[in-house]
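To find a chain, count down the sequence lines: A is the first, B the second, and so on, and within it residues start at 1.
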Number of protein chains: 2
Amino acid sequence: MFFLKELPTREILERYHERFPEMNVDMVGDALLLMRQASLLLRQLDEYFSGHDFSQLRFLIIVIIDREQETLLTASEILKKLDVSGPVMARTLKALEASQMIVFHEHESDKRAKRIALTPKGKAKLQAILPGYYETIERFMSTLGQHDAS
Amino acid sequence: MFFLKELPTREILERYHERFPEMNVDMVGDALLLMRQASLLLRQLDEYFSGHDFSQLRFLIIVIIDREQETLLTASEILKKLDVSGPVMARTLKALEASQMIVFHEHESDKRAKRIALTPKGKAKLQAILPGYYETIERFMSTLGQHDAS
DNA sequence: ACAATATACTTATCATGATAAGCATATTAC
DNA sequence: GTAATATGCTTATCATGATAAGTATATTGT
């Protein structure tokens, strides 16, 4: 997360540019705005999720499982689609199992692996969460100008 | 952070739109891209900072202290400029003190508060870190198109 | 076949974000 | 002046990210 509430003005960036001439004022300004806006949106979404006893990561995991129609995924297959570490994935899957959103099935050919399926409760959670997720995003995106630094 | 490596294609978003008609495909697509790009940049910066035994937050704190020329700030004044919680601010300031980047001085009128000053070591750290910070941002921003989902 | 390596997942530990509650001091209301 | 409230910071505890190292099973090379 990028925590700075008020981004530096163009004047301030230009003063930094005098001390560090290789610094590109426009690029740095754009990057700070990118990080700040995304952080504000991520905050809103985190708040939305935690109000539903959920999290960004738990949400993305069940979206990914849900999107796969044919086969059941394993933890490492989900891991390839999300950049979190293995231990975080394992812990989060365990939490999803504990809250009965997913179940683990034996893998048919690899004793180390488990196949992961969404439960009806997990599917229902996803359906219940998606509308508010979109709404949160849209509320944020339609007021984006007001979060601008300049 | 937003962890999804491959953003949904327009077709996939349109399929969601059929299930959730109030969902605006363009806005949601833009928001996911915003979060993903910012997360990638934040990752790069985190990696840069941790290679220098530092962090985003420690960096922002010393930037803010450095920017203030006239008076020494207190923890709560820095807190107004950064959206982190009070305990995190207190802990991070303590870490900055332990590594001799800042010193606490008695507040002249409020016994609860402390005035915070950058040490020469803290100033030197900031000077040492800034060029690589800009470079990391610029390297990222100039390849932004390649991080695009579409 | 079997040793070496790779893969799937777990365990242990740390870092850094949060909230709730606490203490001391300041400020405000009367 | 003193009670009530607010403010500045700390302590305790939790959540959730990371890495390093461990176990079991699979795969590869010879």
Throw together a table of side-chain donor-acceptor distances under 3.5 angstrom for residues 134-141 of chain B, partners on residues two or more places apart or in other chains.
{"unit_1": "E135(B)", "atom_1": "OE2", "unit_2": "R139(B)", "atom_2": "NH1", "d": "3.2"}
{"unit_1": "T136(B)", "atom_1": "OG1", "unit_2": "G132(B)", "atom_2": "O", "d": "2.6"}
{"unit_1": "E138(B)", "atom_1": "OE2", "unit_2": "N24(A)", "atom_2": "N", "d": "2.6"}

Task: Test item: K5(B) side-chain N/O and K80(A) main-chain N/O as donor-acceptor pair under 3.5 Å - done: yes
Open item on the list: Please compare G86(A) and R43(A) by the position of their nearest nucleotide in DNA chain C and report the one closer to 5'.
Closed with: G86(A)
TODO: Give me the residues of residues 87-97 of chain B where at least one heavy atom lies under 4.0 Å from an atom of DNA chain C, by number, or none.
DONE: P87(B), V88(B), R91(B)
TODO: Look at all strands and tell whether L79(A) reaches a base, only sugar-phosphate, or nothing, counting heavy atoms closer than 4.0 Å.
DONE: nothing
Task: Span of DNA chain D, from the first to the last nucleotide whose atoms fall under 4.0 Å of chain A heavy atoms - done: dT16(D) to dA26(D)
Open item on the list: Classify D46(A) by what it touches in the nucleic acid, base, sugar-phosphate, or nothing, heavy-atom distance under 4.0 Å.
Closed with: nothing
Open item on the list: Once side chain to side chain contact (heavy atoms under 4.5 Å, CB included) is applied, do any residues pair with R112(B), and if so which ones, sequence neighbours excluded?
Closed with: D110(B)
TODO: Determine which pairs satisfy ring-ring contact (aromatic ring centres under 6.0 Å, His included) with at least one residue from residues 67-89 of chain B, sequence neighbours left out, and list them in order.
DONE: none
In a table with atom names and distances, give each donor-acceptor pair under 3.5 Å that connects a side chain of residues 92-106 of chain B to protein atoms at least two apart or in another chain.
{"unit_1": "T92(B)", "atom_1": "OG1", "unit_2": "V88(B)", "atom_2": "O", "d": "2.7"}
{"unit_1": "S99(B)", "atom_1": "OG", "unit_2": "A95(B)", "atom_2": "O", "d": "3.0"}
{"unit_1": "S99(B)", "atom_1": "OG", "unit_2": "L96(B)", "atom_2": "O", "d": "3.4"}

Mind listing the side-chain donor-acceptor pairs of residues 63-72 of chain A below 3.5 Å, one per line with the distance, residues two or more places apart or on another chain?
none

Hey, what are the protein-to-nucleotides 2-8 of chain C N/O distances that come in under 3.5 Å?
{"unit_1": "dT7(C)", "atom_1": "O2", "unit_2": "R112(A)", "atom_2": "NH1", "d": "2.1"}

- [ ] Report which part of the nucleic acid F3(B) touches: base, sugar-phosphate, or nothing (heavy-atom distance under 4.0 Å, all strands).
- [x] sugar-phosphate
Task: Residue pairs, two or more places apart or on separate chains, that pass ring-ring contact (aromatic ring centres under 6.0 Å, His included) and touch residues 111-133 of chain A - done: F49(A)-Y133(A), F59(A)-Y133(A)
- [ ] Could I get the full list of ring pair (Phe, Tyr, Trp, His ring centres under 6.0 Å) partners for H52(B), not counting sequence neighbours?
- [x] Y48(B)
Task: Contacts of type side chain to side chain contact (heavy atoms under 4.5 Å, CB included), residue R91(A), not counting sequence neighbours - done: none
- [ ] Could you tell me which residues satisfy side chain to side chain contact (heavy atoms under 4.5 Å, CB included) with L79(A), sequence neighbours excluded, listed by chain and number?
- [x] V84(A), M89(A)
